[in-house]
Amino acid sequence: MKAFSYEKVTSSLEAATRAQQNPGARFIAGGTNLLDLMKLEIETPAHLIDVNGLALDKIEPTDEGGLRIGALVRNTDLAADMRVRTGYAVLSRALLAGASGQLRNQATTAGNLLQRTRCPYFYDTNQPCNKRLPGSGCAALGGYSRQLAVIGASQDCIATHPSDMAVAMRLLDATIETVSPDGSERAIPINDFYRAPGQTPHLETVLKAGEFITAVVLPPPVGGTHIYRKVRDRASYAFALVSVAAIVQRDHTGRVAIGGVAHQPWRRSLADSELPNGTQPVFDKLFEDAQPTADNQFKLVLAKRTLASVLAEARAKA
C-alpha cells in the first residue's frame with residue numbers, strides 16, 4: 001500500500017471541497033472495497049477523507065411518502081429497518097444476499113453503489129485493463145470472461161457491476177442526492193447514475209470532481225410481491241452470475257431488473273410492459289442487444305430460467 005495523508009471532515013460540503021482541493025482523493029467510510037483496492041495498489045489515493053463523523057446515518061420519511069436513506073447507513077441497519085422490510089422488501093432481501101454479516105455491518109449505502117467491478121483482470125495488475133489504466137487495453141476480451149457482461153459492454157470493457165443493493169435500488173427507481181464543492185445540490189435518478197463503458201470505462205458514474213453522495217431517496221412503496229433471487233457459484237460469499245429483482249402485481253403487471261450481466265443494474269421499461277405476456281417477451285426485451293462471449297453465453301439461459309422461476313413464484317403468491 002502506498003503512503004497517503006488522512007483527515008476527518010465535519011460536513012458534507014467540507015468533504016466535497018476537500019476532495020476538489022486534493023485531486024485523486026477518496027472518501028472513506030466502511031472501506032470494505034477501497035481498502036482492498038489500496039492494498040493491491042489498484043487504487044492509490046494520496047489523500048483519504050474520512051466521512052464517518054457526518055450525520056448521514058439515518059433513515060427518514062420524506063414528505064412524498066418515501067424514505068431518505070443517509071449515505072452512511074450501514075447495510076445491516078438498512079436491511080433490518082422495519083419500514084424497508086415491509087414497504088421495500090426487495091431491497092432488504094437484496095442486501096441480505098450480499099457479502100457476510102461482518103461486511104454488511106461496515107458497508108454503507110453510498111459505498112455499496114460505488115463498488116468497483118470484480119473482473120479478475122481489473123484485479124490483476126499484470127494484465128491490461130482500461131478501467132484500471134485507461135488506454136492499456138482489455139485483457140478480458142480475449143481472456144476468460146465467464147463472470148463478465150453479456151449486454152451493455154463495449155470493445156474497451158466487458159466488466160459487470162457487483163452490487164446486489166443497486167439492483168433493488170434500480171427496481172425501486174431510487175434517486176441519489178449529492179452536494180458539490182460549490183455548494184450546489186442535485187438529485188440523480190439511478191437510471192442516469194452509471195455511465196456506459198464506451199471508450200472511457202474508467203469513468204463509472206456521472207459524479208463530478210469532488211461531488212459527494214449525501215443520501216438515496218426511495219419513492220413511496222410499491223405494493224405487490226417482492227422477490228430477489230441471486231444465482232452464484234456457491235451459496236454464500238460470492239457475487240452473482242445472474243440476479244433477478246422483481247415486483248409483480250395481482251394483474252401480472254410490474255417491473256424487473258437484472259444483476260450480474262452489465263456495467264449497471266439492467267432494466268428496460270419495454271421489458272416491464274411485457275410482464276403480463278410471460279417470460280419470453282420480457283426476456284427478449286431485456287436482452288435484445290446482448291453480445292455474450294463464448295465463455296458467458298450460458299448467462300442468457302441462466303437469466304431466462306431464473307426470470308421464469310421468479311415470475312412463476314410471484315404470480316403464484318399474487
Side-chain angles (χ1 to χ4, degrees), residues 1-60 68-81 95 98-118 122-123 131-132 161-166 169 174-188 193-194 202-217:
M1 182 183 292
K2 293 190 175 181
F4 56 89
S5 55
Y6 168 90
E7 69 174 317
K8 291 185 177 182
V9 292
T10 58
S11 72
S12 299
L13 180 56
E14 182 186 4
T17 301
R18 293 297 292 149
Q20 185 185 54
Q21 293 170 348
N22 293 272
R26 293 288 185 271
F27 302 118
I28 185 166
T32 56
N33 187 204
L34 177 60
L35 291 179
D36 285 342
L37 296 174
M38 290 175 66
K39 291 173 185 177
L40 295 170
E41 295 190 4
I42 294 169
E43 291 267 12
T44 56
H47 189 65
L48 289 184
I49 301 169
D50 189 333
V51 298
N52 280 297
L54 306 185
L56 300 174
D57 58 352
K58 298 178 177 60
I59 304 171
E60 301 171 315
R68 175 172 284 101
I69 302 162
L72 298 178
V73 172
R74 307 292 162 163
N75 287 178
T76 294
D77 296 330
L78 183 58
D81 187 278
L95 286 162
S100 65
Q102 294 92 331
L103 285 172
R104 291 195 296 271
N105 288 343
Q106 284 293 107
T108 63
T109 299
N112 197 310
L113 291 174
L114 295 173
Q115 284 185 80
R116 306 205 69 189
T117 184
R118 264 58 178 193
F122 173 74
Y123 272 81
K131 189 179 284 291
R132 175 171 26 82
H161 194 274
S163 172
D164 292 292
M165 185 195 79
M169 291 290 196
T175 299
I176 299 158
E177 295 185 338
T178 69
V179 62
S180 293
D182 62 2
S184 62
E185 299 176 351
R186 65 170 173 159
I188 308 168
F193 184 68
Y194 297 105
H202 61 292
L203 301 176
E204 298 173 351
T205 72
V206 298
L207 293 175
K208 301 174 184 177
E211 193 169 8
F212 177 67
I213 296 174
T214 56
V216 176
V217 178

I need the [X] [atom1] to [Y] [atom2] distance, nearest 0.5 Å.
| X | Y | atom1 | atom2 | result |
| --- | --- | --- | --- | --- |
| Q20 | R18 | CD | CZ | 11.0 Å |
| N105 | S100 | CG | OG | 8.0 Å |
| L114 | T205 | CG | OG1 | 6.0 Å |
| D57 | R74 | CG | CZ | 8.0 Å |
| E211 | D182 | CD | CG | 9.5 Å |
| R26 | T44 | CZ | OG1 | 8.0 Å |

Before giving the answer on side-chain contact (heavy atoms from CB on, under 4.5 Å), spell out for F212 and L207 the whole-Å C-alpha distance, their side-chain angles and the decisive distance to 0.1 Å.
CA-CA 8 Å; F212 177 67; L207 293 175; over 6 Å; no
Give me the atom names and distance for the closest heavy-atom approach of [X] to [Y].
| X | Y | answer |
| --- | --- | --- |
| R116 | H202 | NH2-O, 4.4 Å |
| T178 | T214 | N-OG1, 4.0 Å |
| A19 | F27 | CB-CZ, 3.6 Å |
| R132 | F122 | NE-O, 2.8 Å |
| A29 | T108 | CB-CG2, 3.8 Å |
| M1 | L35 | CE-O, 4.2 Å |

Worked verdict on E177 versus E185 for side-chain contact (heavy atoms from CB on, under 4.5 Å):
CA-CA 7 Å; E177 295 185 338; E185 299 176 351; over 6 Å; no
If we check side chain to side chain donor-acceptor pair (under 3.5 Å) with N75, which of these qualifies: T109, N112, T32?
N112
Is any side-chain heavy atom of [X] less than 4.5 Å from a side-chain heavy atom of [Y]?
| X | Y | value |
| --- | --- | --- |
| E204 | H161 | no |
| I28 | M38 | no |
| Y123 | L37 | yes |

Given L95 and D164, is the side-chain contact (heavy atoms from CB on, under 4.5 Å) satisfied, shown in steps?
CA-CA 6 Å; L95 286 162; D164 292 292; over 6 Å; no
Under 3.5 Å, is there a donor-acceptor pair linking the side chains of H47 and E7?
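A donor-acceptor contact under 3.5 Å links the two side chains.
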Using atom types as modelled and distance alone, determine if a side-chain donor or acceptor of S184 lies under 3.5 Å from a backbone N or O of S180.
no
Among L113, V206, V217, exactly one meets side-chain contact (heavy atoms from CB on, under 4.5 Å) together with I176. Which residue is that?
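Passing option: L113.
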Let me see the working for V216 and M165 under side-chain contact (heavy atoms from CB on, under 4.5 Å), right down to the final yes or no.
CA-CA 12 Å; V216 176; M165 185 195 79; 5.9 Å; no
